[in-house]
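Each chain gets a letter, A, B and so on, in the order its sequence line appears, and its residues count up from 1.
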There are 2 protein chains.
Amino acid sequence: MAGTGIDTGHLEELTGYLLRRATSRVMADFVQVAANHDLRPVPFSILLLVESNPGVRQGQVAEALAIKPANMVPLVNMLVERGLLRRRVGVEDRRSFELALTAAGRNVLQQCHAGIAAHEQRLFSVLSATERARLHDMLRRVIQSADNGDQQDL
Amino acid sequence: MAGTGIDTGHLEELTGYLLRRATSRVMADFVQVAANHDLRPVPFSILLLVESNPGVRQGQVAEALAIKPANMVPLVNMLVERGLLRRRVGVEDRRSFELALTAAGRNVLQQCHAGIAAHEQRLFSVLSATERARLHDMLRRVIQSADNGDQQDL
DNA sequence: TATTGTTATACTCTATAACTATA
DNA sequence: TATAGTTATAGAGTATAACAATA
């Protein structure tokens, strides 16, 4: 894989290793793209999820993104302080917080849109449209297998 | 994706997001498997690479694994202190360090082997053998595109 | 002067335990 | 008593800049 060309051995046969390396490469590029708006991958995913679910509870976002509730707190604080997210005490359950985008938050996502599309195009142009569809399908299956009873051996 | 079933919106169409989530799930399982030997993903990948390249220079390992040289130092220190890795001053170039596994290091890798194989089987049993081969091929292409001149837009 | 590796440091992301307020 | 969110804290992984020793 590298210029010096040392033997990658069994490593290149481990799906987990290949996933980690590919993700690392893709995230590094994403960070460059979203750097204009100071948005890292995780905060960005929160905004995108809230955009599709205005008024969603903070804990629902955490669960959907596999973020621990304790880790949501500073993330949401940051997004609220930056004026991208609105956080309101729940009307039915006053323990909960309901999240929604502000106008500024919607603007930022809209401004990111073209850059993100170009980023995906740039990184995955080595894959055909069919391959990309297959990749999405495979990754979704791997992710979803966590939500089911696939812990037999643990 | 979650039990509450909120709308994942555009997120599920982003390859980068799907990669990140799948990797997170796979790494979490890997950590359970290798916990017996207190080996996290990155140190494990170093051992595996050194196994295939006895006497390799530290910097070559760093480059092959996309680890920054500065971050290699504590990782190699830890593996040497635990007696898994041998670090020797280079014979031709005394600035460099040559790495090799100790007998204990080889033992640990051998003991991990079956567990890792079961881990890959467990996580990717949702994919057929053909799909896994296609996935590997696709991921390698995405990773390799970083080593070439694919920075046109940056 | 360039290269190999090191030190110091900071940030993102993830994880756990103990806590408060509300249900 | 259980649930939603919080606080405090720790650790892995990654990033950069300045440095020492050797080439």
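- A donor-acceptor pair is defined here as one N or O able to donate and one able to accept, closer than 3.5 Å; no such pair exists between the side chain of A:T8 and the backbone of A:L11.
- Closest heavy-atom contact between A:T23 and B:L19: OG1-O, 3.3 Å.
- Side-chain contact between A:L139 and B:R21: absent, with no pair of heavy atoms (C-beta onward) separated by less than 4.5 Å.
- One atom, CG of A:N71, and another, C1' of D:dG5, lie 13 Å apart when rounded to the nearest Å.
- Sorted by first then second residue, the salt bridge (charged side-chain N to carboxylate O under 4.0 Å, His left out) pairs that include residues 94-104 of chain A, not counting sequence neighbours, are A:D93-A:R95.
- For the pair B:V42 and A:R20, the minimum side-chain heavy-atom distance is below 4.5 Å.
- A distance-only check finds a donor-acceptor pair linking the side chain of A:T102 to the backbone of A:G83 [under 3.5 Å].
- Residues from residues 37-47 of chain A with heavy atoms under 4.0 angstrom of DNA chain D: there are none.
- Following rounding to the nearest Å, A:F30 (CZ) and D:dT14 (C1') show an atom-to-atom distance of 17 Å.
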Where along nucleotides 17-23 of chain D does protein come under 4.0 Å, by heavy atom, of base (B) or sugar-phosphate alone (S), with - for untouched nucleotides? B---BBS

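- Here the shortest heavy-atom pairing between A:V76 and A:R87 reads CG1-NH1, 3.7 Å.
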Using the side chain to side chain contact (heavy atoms under 4.5 Å, CB included) rule, take B:L84 and B:L101 through it: C-alpha gap first, then chi angles, then the decisive distance, then the call. CA-CA 6 Å; B:L84 305 178; B:L101 292 189; 5.9 Å; no

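- Between A:R132 and A:S125, the shortest heavy-atom contact is NH2-CA, 4.1 Å.
- In terms of heavy-atom proximity, A:A62 sits nearest to A:M72 at CB-CG, 3.4 Å.
- Comparing A:S24 and A:G59, the nucleotide of DNA chain D nearest to each residue sits closer to the 5' end for A:G59.
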Pair A:V33, A:R122 - check side chain to side chain contact (heavy atoms under 4.5 Å, CB included), show working. CA-CA 11 Å; A:V33 170; A:R122 179 168 57 248; 3.4 Å; yes

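- The bend of the helix from C:dT1-D:dA23 to C:dA23-D:dT1, defined by the angle between the axes of its first five and last five pairs, stands at 10° to the nearest 10°.
- Atoms CZ (A:R57) and P (D:dT6) sit 13 Å apart, rounded to a whole Å.
- Bounding nucleotides for the chain B contact on DNA chain C, 5' to 3', at a heavy-atom distance below 4.0 Å, are C:dA2 to C:dT14.
- Comparing B:R87 and B:R20, the nucleotide of DNA chain C nearest to each residue sits closer to the 5' end for B:R87.
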What do the steps show when you test A:H119 against A:Q32 for side chain to side chain contact (heavy atoms under 4.5 Å, CB included), and what is the final call? CA-CA 9 Å; A:H119 147 84; A:Q32 300 295 322; over 6 Å; no

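- Between A:H136 and B:E13 the shortest side-chain heavy-atom distance falls below 4.5 Å.
- DNA chain C is contacted by no residue of residues 75-84 of chain B, taking any non-hydrogen atom closer than 4.0 Å.
- Not a single donor-acceptor pair under 3.5 Å links the side chain of B:E51 to the backbone N or O of B:R106.
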I would like to know whether B:V108 and B:N36 meet side chain to side chain contact (heavy atoms under 4.5 Å, CB included); could you show each step before the answer? CA-CA 10 Å; B:V108 164; B:N36 305 325; over 6 Å; no

